[in-house]
2 protein chains.
Amino acid sequence: MSGNRDGATLEQVAARAGVSRQTVSNALNAPQRLHPDTLDRVRAVIEELGYRPNRNARGLRTRSTGMIGYRMTPRDRGVLTPLMDDFLHALCAAAEARDRHILLFTAPLGEPGLAVYDDLLAQRAVDAFVLAETVVDDPRPGWLAKRGVPFAAFGRTWSPGQAGPWVDVDGAHGMREVVRHLHSLGHRRIGFLGWRQGDGVGDDRLRGWTEECTRLGMSTEDGLVVRGANTIEAGRRGAAVLLDAEEQPTALVAVSDAVALGALALLAERGVPAGSGVAVTGFDDSPLAAATLPGLTSVRQPVERIADQVLSLLDNTSETGSLLRPELVVRASSERR
Amino acid sequence: MSGNRDGATLEQVAARAGVSRQTVSNALNAPQRLHPDTLDRVRAVIEELGYRPNRNARGLRTRSTGMIGYRMTPRDRGVLTPLMDDFLHALCAAAEARDRHILLFTAPLGEPGLAVYDDLLAQRAVDAFVLAETVVDDPRPGWLAKRGVPFAAFGRTWSPGQAGPWVDVDGAHGMREVVRHLHSLGHRRIGFLGWRQGDGVGDDRLRGWTEECTRLGMSTEDGLVVRGANTIEAGRRGAAVLLDAEEQPTALVAVSDAVALGALALLAERGVPAGSGVAVTGFDDSPLAAATLPGLTSVRQPVERIADQVLSLLDNTSETGSLLRPELVVRASSERR
DNA sequence: CTGAAAGCGCTTACAG
DNA sequence: CTGAAAGCGCTTACAG
């Protein structure tokens, strides 16, 4: 009657099935070693008793928990990053599909928080990490790789020879799609509301805008680019700058939904109809993009596929990186002119 | 050289400190039993070797992992519930402060999801659960209580004699504060944009509006209440109904930030200045409330305190429930008239 | 105050 | 194909 709370232990299953503990273990971990009849009998008892192996015992023996560590960063007030919440959910589901679980932890923002990673490893609380919100020159990939800890990152560190496998979204490709879409609607002068220089993600997205505008023979002059923080307010101010310029753009491409929201707010203030008047696009396809009025054309990040690939990379050490294509989602903020 | 990856085992610490394994264990778990000198010596070696007890081994022995299970629910498209993300972060931090961690999982809502709770328990992957997003007649508290599983809930089930401890926010109190605030600004006719009847949280908030309006001698007639979904669009439609009524309210109290955003959008469309024209308030103080233009007056849920109390209730079985007071955050959407 | 022993529940070589 | 033995790293009574 000891063992799992109400649940059976391997020993109890063995006794009831009339086999040794070893055989029950094999039924679970190496079923091909058992005679089909034995296997059936053992499985029936496992089912009957609702037996599930004790994770601690298994982990102690195999030197692995089924746990994957994931650091949650606090949200800054006024900054919208709903994407990461969606990613976390997708990651959680993908882990379960592999019979693993996510162990959540926090670490001070900015600070790499490597001590926390070290501690979790020393306790053997996790056997791998998923990294997200990687930044330029992020120290984590190198640190983990040096120690031989399995990990995979959602996001690049934008440094040559990045350590370890990663999955990322091709932001430049997404922006090229946006520009092509606007061009097809008749826009010939398109402004860009970006983040400050030096942010890998932001610079990558800007590159897409630049490349596609150039390819289509549209201007990419300095006056068409305004940079700022990832806030609604920054988007509003940036949009004002672009629309007050001598030569107005007819479309505003924002580096993120938050920034695009600011542009929409400015247009509303000025009574300019977003979409039919000046087109606005965002990036990330946050829930707000669908909810806002008019709906915001945006670029959806395939979080489920990202999560799935990140977890695949944890086991498969041969691959190094992969770039996923995001998908353009057209809404009323970019209508036919 | 075996043991933790690079890390030491208890045995190695003991050898180096010249004591038995038992003494090292005591240094960790019952330091008062050791002679101060011995304790210092052992601690020095622990520090030197960077020793951390193996969680699997400890868990196997003590029949407890340091893990607390938390179910993540997927976000519906178009619905904004950023509060739960903030709560999850706070919960994570609060767990760490108690040397525990959050194990994340997903599960279908309602009865079917119980199988996942059962499975986690059978594997001894967690030793407690934190419940959130409880709904009317949520089956989980009763199910867990019956099995003697430690748990605590953020949120009531709104059923008499709810099983197990819970922490919740006094939504009615928050709404009374909102109404008092608007009344002090000179508003004498206040509309309510709510959710559909039957939602415990929504009904509770509506009650606060009703009570305080009544106390201050303001009308609570049916025509002042419009109900709908928790979306921006529903808020926009509801606001239109109230403002098109014969006797217009001068302030719109929304049951959530998402709904309030819809009201703000409608005012913007109609060129009515939110704040100085018609006041609008929300609830939850989501990041958007601070970012929107004008800033949205809202009611902030004390997620850190909620998380802390929920975890306290996990250990302290004497208490049953506690209601926390949210805090009014005034912004430009409710200015002096 | 300190130590030798038992055991938590599992898996992994190794015999038979 | 199946079983007896060892051991993962810790903690908990129990002696001394």
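These numbers come from a predicted model, not from an experiment. The chains referred to below are lettered A, B, ... by the order of the sequence lines, with proteins before strands, and numbering in each begins at 1.
Remark: B:Met67 CE to B:Arg100 CZ distance equals 10.5 Å, nearest 0.5 Å. If you take CZ on A:Arg140 and CG on A:Leu114, they are separated by 8.0 Å, rounding to the nearest 0.5 Å. Here CG of A:Asp308 is found 4.5 Å from CZ of A:Arg98. Values are rounded to the nearest 0.5 Å. We find the CG-CG distance between A:Leu104 and A:Leu91 to be 9.5 Å, quoted to the nearest 0.5 Å. Summarising the geometry, atom CG belonging to B:Asp118 is positioned 10.5 Å from atom CD belonging to B:Gln123; distances are rounded to the nearest 0.5 Å. Interatomic distance, A:Asp138 CG to A:Trp166 CH2, rounded to the nearest 0.5 Å: 14.5 Å.
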Quick one, B:Asn54 with B:Thr9, criterion side chain to side chain contact (heavy atoms under 4.5 Å, CB included). Give me CA distance, side-chain angles, the key distance, then yes/no. CA-CA 8 Å; B:Asn54 180 311; B:Thr9 66; over 6 Å; no

Would you please test A:Trp158 and A:Val201 for side chain to side chain contact (heavy atoms under 4.5 Å, CB included) and show each step? CA-CA 9 Å; A:Trp158 312 95; A:Val201 175; 4.0 Å; yes

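The separation between B:Leu60 atom CG and C:dG7 atom P is 14 Å, rounded to whole Å. Taking atom CG of B:Asn54 as the reference point, atom P of D:dG7 lies 18 Å away to the nearest angstrom. Rounding to whole angstrom units, CD of residue A:Gln32 and C1' of D:dT2 are separated by 14 Å. In this structure, the CG atom of B:Leu49 is 15 Å from the P atom of D:dG9, given to the nearest Å. What separates CZ of A:Arg52 from P of C:dG9 is a distance of 17 Å, to the nearest Å. Here C:dT2 presents its P atom at 7 Å from NE2 of B:His35, a figure rounded to the nearest Å.
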Heavy atoms under 4.0 Å is the rule here; annotate nucleotides 11-16 of chain C 5' to 3' with B where the base is hit, S where only the sugar-phosphate is, and - elsewhere. BBB---

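Proximity of B:Ser20 to the phosphate of C:dT2: no side-chain N or O atom is located under 4.0 Å from OP1 or OP2. Side-chain N/O atoms of B:Thr9 include none lying less than 4.0 angstrom from OP1 or OP2 on D:dG9.
Contacts of residues 37-45 of chain B with DNA chain C (heavy atom under 4.0 Å): B:Thr38.
Ring orientation note: the planes of B:Tyr117 and B:Phe129 are tilted relative to one another, at an angle of 30° to 60°.
Paired runs in DNA chain D that reach 3 or more consecutive Watson-Crick or G-U pairs, where each pair keeps both distances under 3.5 Å, cover C:1-3 with D:14-16, C:5-12 with D:5-12, C:14-16 with D:1-3.
Each of B:Val167, B:Ile306, B:Val130 was compared with B:Leu311 under the side chain to side chain contact (heavy atoms under 4.5 Å, CB included) criterion, and only B:Val130 meets it.
Using a 4.5 Å cut-off on side-chain heavy atoms (C-beta onward), B:Asp37 and B:Arg41 make no contact.
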